[in-house]
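Residue numbers begin at 1 in each chain, while the letters A, B, ... track the order of the sequences. No experiment lies behind these values; they were computed from the predicted model shown.
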Number of protein chains: 2
Amino acid sequence: MSQFFSPKEVALAIGVSESSLKRWVDKGLIPAEKTGGGHRRLQLDAVLRFIRDEGKGLANPEIIGLPAETGKIVPAGESAQAEFLQAMSSGNEATAKRIILDLFISGMSVANICDLVIAPVFERIGDLWRCGDLEVYQERRACELCGRVIHELRRAVGSGPDDGPLAIGGTLDGDPYTLATNMSEVVLRDAGWRATSLGHMLPFDTLRKAIENDHPHLMWISVTTIRDTERFIANFNVLFDTATSFGCAIIVGGQALTADIRQSLRYTTFCDNLRHMEAFARTIRPRDRVATPITSPEVKF
Amino acid sequence: MSQFFSPKEVALAIGVSESSLKRWVDKGLIPAEKTGGGHRRLQLDAVLRFIRDEGKGLANPEIIGLPAETGKIVPAGESAQAEFLQAMSSGNEATAKRIILDLFISGMSVANICDLVIAPVFERIGDLWRCGDLEVYQERRACELCGRVIHELRRAVGSGPDDGPLAIGGTLDGDPYTLATNMSEVVLRDAGWRATSLGHMLPFDTLRKAIENDHPHLMWISVTTIRDTERFIANFNVLFDTATSFGCAIIVGGQALTADIRQSLRYTTFCDNLRHMEAFARTIRPRDRVATPITSPEVKF
DNA sequence: GACTGAATGCACGAATTGAACGATTCGAAA
DNA sequence: TTTCGAATCGTTCAATTCGTGCATTCAGTC
């Protein structure tokens with residue numbers, strides 16, 4: 001839920017004076033609203049984005065409802081994966097969330113967080129489970145945890161602009177894995193889209209209905225398994241035709257889509273990972289927020 | 001056409017106190033009429049104009065909580081269900097979360113929120129889907145949304161004391177429904193337990209492993225479907241014996257557990273709903289927070 | 001070293017907020 | 001129409017936040 005914070009709380013959380021924070025808000029560095037009486041109201045995702053863009057730290061994260069010690073120790077590159085794996089397999093929810101939030105605040109792109117940390121760790125846990133090095137319940141618990149971590153990331157990213165273009169997506173019938181589609185949703189929201197995951201196990205014809213009813217400009221489909229290849233291709237291409245007739249682009253991705261299958265498939269773009277997806281999504285819908293990390297200090301004002 | 005709102009409703013929707021909102025109306029910031037007796041009546045378009053003009057941030061996801069179609073904003077009692085159903089089936093994430101959080105803030109117990117609002121609405125959506133009144137994607141999207149709402153509720157409840165007794169649970173192999181186990185987790189956390197859901201599709205032997213490794217004092221198991229009744233009963237009773245030997249209580253629940261099956265089953269307690277579960281959980285682990293709803297206003301602080 | 005411009009933190013009175021309180025009004029059932 | 005619980009009224013009060021001015025710090029420049 002988008003929650004409101006007062007300048008005092010945010011200032012305390014970041015570790016600066018209330019005066020400075022008020023100045024930053026007035027300069028437009030942190031988007032904020034004002035009450036009828038003129039008091040500033042800050043939203044969590046806006047604050048996190050500011051911290052991220054300006055390279056600030058968090059002195060007292062718990063004040064704005066973040067796990068303690070967030071933003072203090074930034075796990076550098078490789079070690080983040082190892083720590084995250086440890087937290088995930090042991091079921092340490094607080095630590096797992098903290099690691100991902102740390103990466104987000106320190107400026108790592110959402111797509112990279114997903115591609116380089118969450119997804120590989122998740123895959124590694126699957127391997128460990130298949131090898132018998134991890135109990136079933138540990139693997140299942142990690143699945144649960146992963147969903148919660150992504151939820152937290154979605155919270156940090158924010159819901160995107162209300163007037164942004166609509167994107168919907170999910171996984172197909174027979175495909176119960178929600179991880180990829182949930183990550184896709186967050187990445188698209190970060191790229192300025194009004195993205196909503198429809199969940200998993202979606203038959204083709206309901207996706208057509210969704211396009212007809214909601215008129216999205218983008219649909220992503222994650223394909224992990226395919227039962228009947230021929231039927232899949234036929235159904236998919238019909239879906240693509242429906243989409244194009246409504247001006248909706250189709251993004252596909254997933255292990256099941258081998259080069260052979262892709263040759264018979266019609267789609268707008270295929271993505272090997274979420275960075276590809278992000279790049280494509282930004283091509284159609286360029287980001288309207290401050291983006292370039294290098295030039296931003298000079299460009300200001 | 002012209003919908004009227006009370007100051008209380010609008011205050012809740014915008015996220016300010018009723019007092020402030022009344023002052024703004026009196027200052028003329030929001031045009032409003034008065035009844036013969038002096039009660040303020042606000043019109044929807046006037047409120048929306050105020051939000052647009054004063055809060056120059058324009059697009060505020062918070063404001064989506066003003067459902068023009070349904071009318072009332074504050075979900076009081078019965079209407080909460082209807083509004084929640086509307087939000088869930090239309091995929092309105094912000095409104096759905098708002099309704100549930102409002103109920104929580106207003107003092108409704110977590111168990112009651114789950115039993116009287118979330119669960120019935122979820123079941124109704126299933127019915128609508130089976131009758132063909134709802135598209136598949138709407139039902140799947142509602143599932144997704146439901147998970148997110150519960151996540152938000154879990155956030156509001158908090159993670160419970162670190163030194164609280166441990167409770168773990170989930171659904172059995174072949175049972176893919178995570179809703180019940182996730183709600184159970186939140187209810188138990190609210191009751192002071194350090195509860196962690198292990199997720200869904202858990203084989204019996206991994207539950208035994210979990211008990212041996214983590215030594216929980218409580219395990220909840222949600223049973224929605226049973227394939228082989230005899231094997232189920234046999235496996236379950238073995239699990240129960242393992243649990244008791246480790247001093248772990250077993251709570252079961254779910255539609256699949258008919259009276260016949262229950263007769264052959266050994267468990268600590270059977271729960272028809274989450275209120276039962278809460279009551280039982282509090283019996284073992286009396287709540288250390290403010291509990292009784294009647295005296296709570298005085299007891300605070 | 002001295003100067004400059006910008007950013008920071010603190011202090012101040014004025015204004016706003018949110019939570020009380022008893023009194024009054026509303027709306028629906030009897 | 002009358003009655004009664006729930007909602008709203010107007011008001012007060014402590015706490016918070018507003019906007020502003022001012023002293024301090026700190027790079028960068030002369």
Discussion item. Each nucleotide in nucleotides 8-24 of chain D should get exactly one letter: B, S or -. Can you fill that in based on protein heavy atoms under 4.0 Å?
Written reply: SBB------SBB-----
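- For A:Phe50, the ring pair (Phe, Tyr, Trp, His ring centres under 6.0 Å) partners at least two apart in sequence or on another chain are A:Trp24.
- Distances shorter than 4.0 Å separate none of the side-chain N or O atoms of B:Ser20 from OP1 or OP2 on C:dT16.
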Could you pull out every donor-acceptor pair under 3.5 Å between side chains of residues 31-38 of chain B and any protein atom, sequence neighbours left out?
unit_1, atom_1, unit_2, atom_2, d
B:Thr35, OG1, B:Gly37, N, 3.4
B:Thr35, OG1, B:Gly38, N, 3.4
B:Thr35, OG1, B:His39, N, 3.0

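- At its two ends the helix from C:dG1-D:dC30 to C:dA30-D:dT1 runs along axes set 30° apart, each axis drawn from five pairs and the angle rounded to 10°.
- OP1 or OP2 of C:dT16 has not a single side-chain nitrogen or oxygen of A:Thr35 nearer than 4.0 Å.
- Under the side chain to side chain contact (heavy atoms under 4.5 Å, CB included) criterion, A:Ala94 pairs with A:Asn92, not counting sequence neighbours.
- Side-chain atoms of B:Asp115 do not come within 3.5 Å of backbone N or O of B:Asn273 as any donor-acceptor pair.
- Listed pair A:Trp24 / C:dA7 fails the phosphate criterion, with no side-chain N or O lying under 4.0 Å from OP1 or OP2.
- Under a 4.0 Å N-O distance rule, the pair B:Lys22/B:Asp26 does not qualify as a salt bridge.
- Whole-Å rounding puts the B:Leu21 CG to C:dT16 P distance at 15 Å.
- Remark: P of C:dG18 and CG of B:Leu12 are 12 Å apart, rounded to the nearest angstrom.
- Looking at A:Asp190 and A:Arg49, a side-chain N of the basic residue comes within less than 4.0 Å of a carboxylate O on the acidic one, giving a salt bridge.
- By the side chain to side chain contact (heavy atoms under 4.5 Å, CB included) test, A:Ala195 is found to be paired with A:Ala167, A:Glu185, A:Leu188, A:Arg189, A:Trp220, residues two or more places apart in sequence or in another chain being considered.
- Taking 4.0 Å as the cut-off between side-chain N and carboxylate O, A:Glu278 and A:Arg282 count as a salt-bridged pair.
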